There are 2 protein chains.
Amino acid sequence: MKRIADSTVRRLSLYLRFLEEFEEAGLTTVSSEELAARGGTTSAQVRKDLSFFGSFGKRGLGYSVNELTQRMRRILGLDRDWRIIIVGVGKIGAALAQYEGFRQRGFRVVALYDSDPGKVGRQIDGLTVRATDDLAEDNRERPVDIAVIAVPAEAAQRVVDQVIGAGIIGIMSFAPIQLHVPAEVTLNTVNMAMELERLSFALSNRE
Amino acid sequence: MKRIADSTVRRLSLYLRFLEEFEEAGLTTVSSEELAARGGTTSAQVRKDLSFFGSFGKRGLGYSVNELTQRMRRILGLDRDWRIIIVGVGKIGAALAQYEGFRQRGFRVVALYDSDPGKVGRQIDGLTVRATDDLAEDNRERPVDIAVIAVPAEAAQRVVDQVIGAGIIGIMSFAPIQLHVPAEVTLNTVNMAMELERLSFALSNRE
DNA sequence: TTATGTGAACGCATTCACAGCC
DNA sequence: GGCTGTGAATGCGTTCACATAA
């Protein structure tokens, strides 16, 4: 498939949310213009974004809310459940484990891990925290799709190597550090401190 | 000032981290090439990024680690403390309140707010949770720079309006929703569910 | 000689504008 | 007539390549 820009994928996620809102509101048809207005973009942008994946609309009419919602789900890979684990059950990790926004989209947290013996065995949201060293064996028995990394910066690269060694190829990191992974692994990093710094920059540099 | 691309600002944050590492390692000079290698970019990119703000290097030599670190801090607005509040002390909000990564960069959490009467009065990390309705008055007495929004999607726009009404012009949102703010307000949103969706897309669409 | 700083070239994402279809 | 789908034009960020300075 043609390479899709990151910005396009982000917008697709937004479109899906809006479509679900429209669906809930009982609308059956939506135009690129309406979708654009809701998301703060342009109708041409919406049509271009969708055109990378096919022709889903009817000229003169717009898009079927129902059909487009299905299509978006399928395109984003959300027409299935994803088995995810969370490594690191400090404040952030524990919060993510219970985050409803994940479950709603089919991301099912199936296990929690931590390297701290003091945390292993603890119960969080119905799951027992396991030792990070058990990861490889666990994953062999019952593979997972995505590992969410929520450990301190110092431990992050080591944990990521362990996760990859266990055979997991999807990684979502919340560690405030630049991670290195082989090409066959897909990594997505959210650095919350960096996001605040972007805000700091924006606030400092406006006339 | 000339408009700076978002991608540039993100890289500046990275450079600063690397510079601090180099500083800690005792290095006094660094080249654009070394900085690039550490961050997975190119030396031309590093030089171009820096060139938007001035000429900080010496030809044939490179950059003074110390001086460039200072410059980066100032450019990013990190040569000062930022007073921030967190609105919404559910799992995510409480986790952020105690996040060390913020404090380290001069982001000082000075107050916590929640609309749930059951949470108001609770102690978290040495701070007493206050009622969101107190926000306007509190901010009049002792203004803050940034409000971090960590409330559910349904409440987010209302809370943001309240925050803006109180006179706060910097907002960092973790609510999984598209927020609307007037032009004079600077908003930065991190949508964790969307980030997982990007990963889902990437994992689903590779040959 | 070495590494910066920067115009120019390039490539990619966004916007335009209109042909095509309902 | 209305709205989509898409080549063409534009704008913007990245890369190139070299003049410049230590």
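From a predicted model like this one, the values you see are computed outputs, not experimental measurements. Residue numbering restarts at 1 for every chain, and letters A, B, ... go by the order of the sequence lines.
- Distance CZ (A:R10) to C1' (C:dT14): 17 Å, rounded to an integer number of Å.
- In this structure, A:L61 places its CG atom 9 Å from P of D:dC3, rounding to the nearest Å.
- Under a cut-off of 6.0 angstrom, the local environment of NZ in A:K119 is crowded, with over 12 non-hydrogen atoms contributed by other residues, nucleotides or ligands.
- Where A:D6 and A:A44 meet DNA chain C, the nucleotide closest to each residue was compared, and A:D6 sits on the side nearer the 5' end.
- Rounded to whole Å, atom P of C:dT6 lies 13 Å from atom CG of B:D49.
- For the pair B:F56 CZ and C:dT6 P, the computed distance is 11 Å after rounding to whole Å.
- Taking the charged nitrogens against the carboxylate oxygens, A:E21 and A:R17 have no contact shorter than 4.0 Å, which rules out a salt bridge.
- Between the side chains of A:N191 and A:Q178, no donor N or O sits under 3.5 Å from an acceptor N or O.
- In this structure, A:F18 has its ring center at least 6.0 angstrom away from the ring center of A:Y15.
- Dashed line: the shortest gap from a side-chain N or O of B:S32 to OP1 or OP2 of C:dT4 is under 4.0 Å.
- Proximity of B:Q45 to the phosphate of D:dG13: no side-chain N or O atom is located under 4.0 Å from OP1 or OP2.
- Rounded to whole angstrom, the span from the CD atom of B:E33 across to the C1' atom of C:dT4 amounts to 12 Å.
- Of the candidates C:dG5, D:dT6, D:dG13, D:dT6 carries the atom nearest the A:R47 side chain, counting heavy atoms from C-beta on.
- For B:R11 and B:D49, the salt-bridge test passes: some basic side-chain N is under 4.0 Å from an acidic carboxylate O.
- Whole-Å rounding puts the B:I4 CD1 to D:dC12 C1' distance at 13 Å.
- Note on B:S7: only backbone sugar-phosphate atoms sit closer than 4.0 angstrom, heavy atoms only; bases stay farther off.
- The side chain of B:K48 lies closest to D:dT15 when the candidates are C:dT4, D:dT4, D:dT15.
- Rounding to whole angstrom units, CG of residue B:L50 and P of C:dA3 are separated by 16 Å.
- If you check distances only, the side chain of A:R59 does reach the base of C:dG20 with a donor-acceptor pair under 3.5 Å.
- For A:T42, taking side-chain heavy atoms from C-beta onward, the closest of the listed nucleotides C:dC22, C:dT15, D:dT4 is C:dT15.
- The side chain of B:Y63 sits closest to C:dG5 out of C:dT14, C:dG5, C:dC22.
- Note: CZ (B:F53) to C1' (C:dT4) measures 17 Å, nearest angstrom.
- Among C:dT4, D:dT14, C:dA13, the nucleotide with an atom closest to any side-chain atom of B:R11 is D:dT14.
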